[in-house]
**Q** 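I'd like to ask you about the structure that follows.
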Amino acid sequence: PGQALSESEAEEIAMMFNTLLDIVEETAEVSESTPANKEGKVDPEEELKEFWKKLYEEKEDKLVERAPVVTIMGHVDHGKTTLLDNIRNTRVAEKEAGGITQSIGAYQVNYEGRKITFIDTPGHEAFTEMRARGAQATDIVVLIIAADDGVMPQTIEAYNHAKNANVPIIVAINKIDKPNANIELTKQQMVAKLNLIPEDWGGDTITVPISAKAGQGIDELLEMILLVAEMQEIKCYPEGLARGVIIESKLDKFLGPVATAIIKDGKLKVGDYFVAGSTFGKVRRMIDPNGKNVKVAGPSDPVQILGFEEVPDMHSILYGVKTLHEAREYVEKKKELEEKTVQKRHIRLEDALKMMQE
Ligand code: GDP
Ligand code: MG
């Protein structure tokens with residue numbers, strides 16, 4: 001005591017601390033992911049999850065098809081934005097007269113009388129998002145590969161995320177209008193680097209050559225999306241309280257907390273109470289991707305929601321609840337659980353420090 005530490009001693013202590021912190025982190029993670037902790041406190045989110053699981057089992061024959069939710073992923077500059085813009089500009093049917101089309105992070109198209117919802121994730125955010133919420137938001141991934149550049153690192157990364165989330169992949173080979181486009185070479189790379197064998201090569205990966213810029217092949221791509229959706233049997237329970245996924249959230253200077261959700265089941269109505277992550281709210285207003293106020297949002301509809309108490313986490317699940325009381329109770333339970341986790345961390349850290357002193 002009182003003696004200065006040598007450099008190597010200090011380094012050793014620092015390393016021990018880091019190991020310690022890792023242990024603490026792991027312990028905290030375990031307690032966070034446990035639905036019922038030792039004091040018998042149940043995570044209300046797990047209860048809702050369980051409720052929906054049971055509902056799906058009981059109402060199996062009442063489940064109906066819903067529109068597919070699609071995310072376009074791929075290497076930077078391979079054409080994600082151009083493809084989304086092309087689809088949006090040419091196929092979003094009636095824009096409100098005088099209405100401003102606003103970006104709420106998702107939009108819906110009507111193709112041959114059937115709806116498709118596209119999630120518009122700026123830049124690389126799509127990757128972290130996919131990781132965070134697994135297959136919750138997306139039913140189908142369109143993996144875009146530029147035919148003049150081939151399979152690149154982010155193509156592989158995107159592919160891995162889609163695969164891990166167990167989401168079906170359609171490959172769009174883009175920029176086929178370019179003189180140096182090489183579709184054959186791109187397919188070879190698909191096989192060699194992704195282990196994806198195109199259908200016309202005897203494999204089972206639907207592969208559509210397109211030009212997002214010239215609008216070539218887009219109809220085929222949309223048809224393939226609908227085909228895959230049909231094969232996947234993407235279902236929902238259309239009645240009753242809503243369930244949805246938050247895909248975007250922010251604190252707006254004027255509007256307060258706002259979030260975009262894609263509704264997966266049931267109906268969300270203006271005036272409904274809801275919970276999401278560790279917050280709750282009452283739907284004050286809902287805005288669709290055309291900037292129009294809507295009173296009701298149903299399965300696969302993207303909708304911006306006003307009325308959150310706090311900004312919800314981006315990947316959290318929104319559940320409609322019957323009463324304000326129910327919503328409040330949920331949040332209280334959530335807060336209690338969070339405090340418990342923090343307490344646990346402290347005790348563990350103290351124990352560990354004691355052990356170090358001995
Ligand atoms: P992102 O980074 O994946 O969103 O890629 P962008 O959509 O921003 O496209 C990157 C660049 O490639 C832009 O200059 C686009 O105009 C161009 N581009 C995208 N699709 C095509 C295409 O089909 N043909 C050609 N010639 N250029 C394209
Ligand atoms: Mg882009």
Side-chain angles (χ1 to χ4, degrees), residues 68-92 101-109 111 116-133 137-163 165 167-190 193-194 196 198 200 205-225 247-250 260 262 289 302 314:
V69 179
V70 180
T71 304
I72 297 168
M73 299 176 99
H75 195 73
V76 64
D77 283 345
H78 279 200
K80 294 181 293 293
T81 305
T82 308
L83 177 58
L84 274 167
D85 286 350
N86 183 297
I87 295 171
R88 178 174 198 142
N89 294 336
T90 57
R91 288 172 179 83
V92 172
T101 308
Q102 59 167 43
S103 174
I104 66 165
Y107 63 85
Q108 207 169 48
V109 301
Y111 183 69
I116 306 171
T117 300
F118 284 92
I119 297 183
D120 185 1
T121 35
H124 57 269
E125 265 171 50
F127 299 137
T128 22
E129 242 188 273
M130 282 289 284
R131 224 180 340 235
R133 65 180 182 219
T138 302
D139 300 308
I140 297 167
V141 161
V142 170
L143 184 62
I144 192 165
I145 311 174
D148 64 340
D149 204 24
V151 172
M152 297 302 278
Q154 285 168 34
T155 317
I156 298 172
E157 203 183 325
Y159 164 75
N160 283 330
H161 286 310
K163 199 177 141 211
V167 179
I169 298 165
I170 296 172
V171 172
I173 298 183
N174 191 31
K175 306 198 187 185
I176 57 165
D177 60 291
K178 286 185 103 172
N180 56 339
N182 194 334
I183 298 175
E184 291 304 297
L185 184 64
T186 306
K187 285 181 179 172
Q188 275 173 30
Q189 291 181 355
M190 277 171 61
K193 295 187 179 176
L194 305 175
L196 287 177
D200 58 332
T205 302
I206 297 174
T207 309
V208 190
I210 63 163
S211 167
K213 203 173 185 175
Q216 202 182 333
I218 311 291
D219 281 326
E220 286 85 343
L221 180 63
L222 295 173
E223 263 153 38
M224 288 305 138
I225 288 170
I247 59 157
E248 251 187 19
S249 62
K250 63 175 183 201
T260 298
I262 293 182
M314 198 152 93

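Residue numbers count from 1 along this sequence. Numbering of ligands and ligand atoms starts at 1, following listing order. These numbers come from the heavy atoms of this one structure, side chains and all, not from hydrogens, waters or symmetry mates.
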**Q** Between Ala181 and Lys175, what is the shortest heavy-atom contact and its length?
**A**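 Scanning both residues completely, I find the closest heavy atoms to be CB-O, 3.4 Å.
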**Q** Looking only at side-chain N and O atoms, does Asp149 offer a donor or acceptor that is under 3.5 Å from a partner on His78?
**A**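 Yes.
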**Q** Using side-chain hydrogen bond (donor to acceptor under 3.5 Å, both in side chains) as the criterion, list what pairs up with Lys187, not counting sequence neighbours.
**A**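 For Lys187, the residues satisfying side-chain hydrogen bond (donor to acceptor under 3.5 Å, both in side chains) (neighbours in sequence not counted) are Asp200.
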**Q** Could you pull out every donor-acceptor pair under 3.5 Å between side chains of residues 210-218 and any protein atom, sequence neighbours left out?
**A**
{"unit_1": "Ser211", "atom_1": "OG", "unit_2": "Asp177", "atom_2": "OD1", "d": "2.9"}
{"unit_1": "Ser211", "atom_1": "OG", "unit_2": "Ala214", "atom_2": "N", "d": "3.0"}

**Q** Please state whether the separation between the Mg ion (ligand 2) and some N/O/S atom of Thr81 is under 2.8 Å?
**A**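 Here the distance criterion (N, O or S atom, under 2.8 Å) is met by Thr81, so yes.
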**Q** List the protein residues in contact with ligand 1, where contact means a heavy-atom separation under 4.0 angstrom.
**A**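 Its neighbours under 4.0 Å (heavy atoms only) are His75, Val76, Asp77, His78, Gly79, Lys80, Thr81, Thr82, Asn174, Lys175, Asp177, Lys178, Ser211, Ala212, Lys213, given by chain and number.
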**Q** Output all residues satisfying side-chain hydrogen bond (donor to acceptor under 3.5 Å, both in side chains) with Lys178, sequence neighbours left out; order by chain, then residue number.
**A** Asp148
**Q** Between Arg88 and Leu84, is there a side-chain heavy-atom distance shorter than 4.5 Å?
**A**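 With C-beta onward as the side chain, the pair stays apart.
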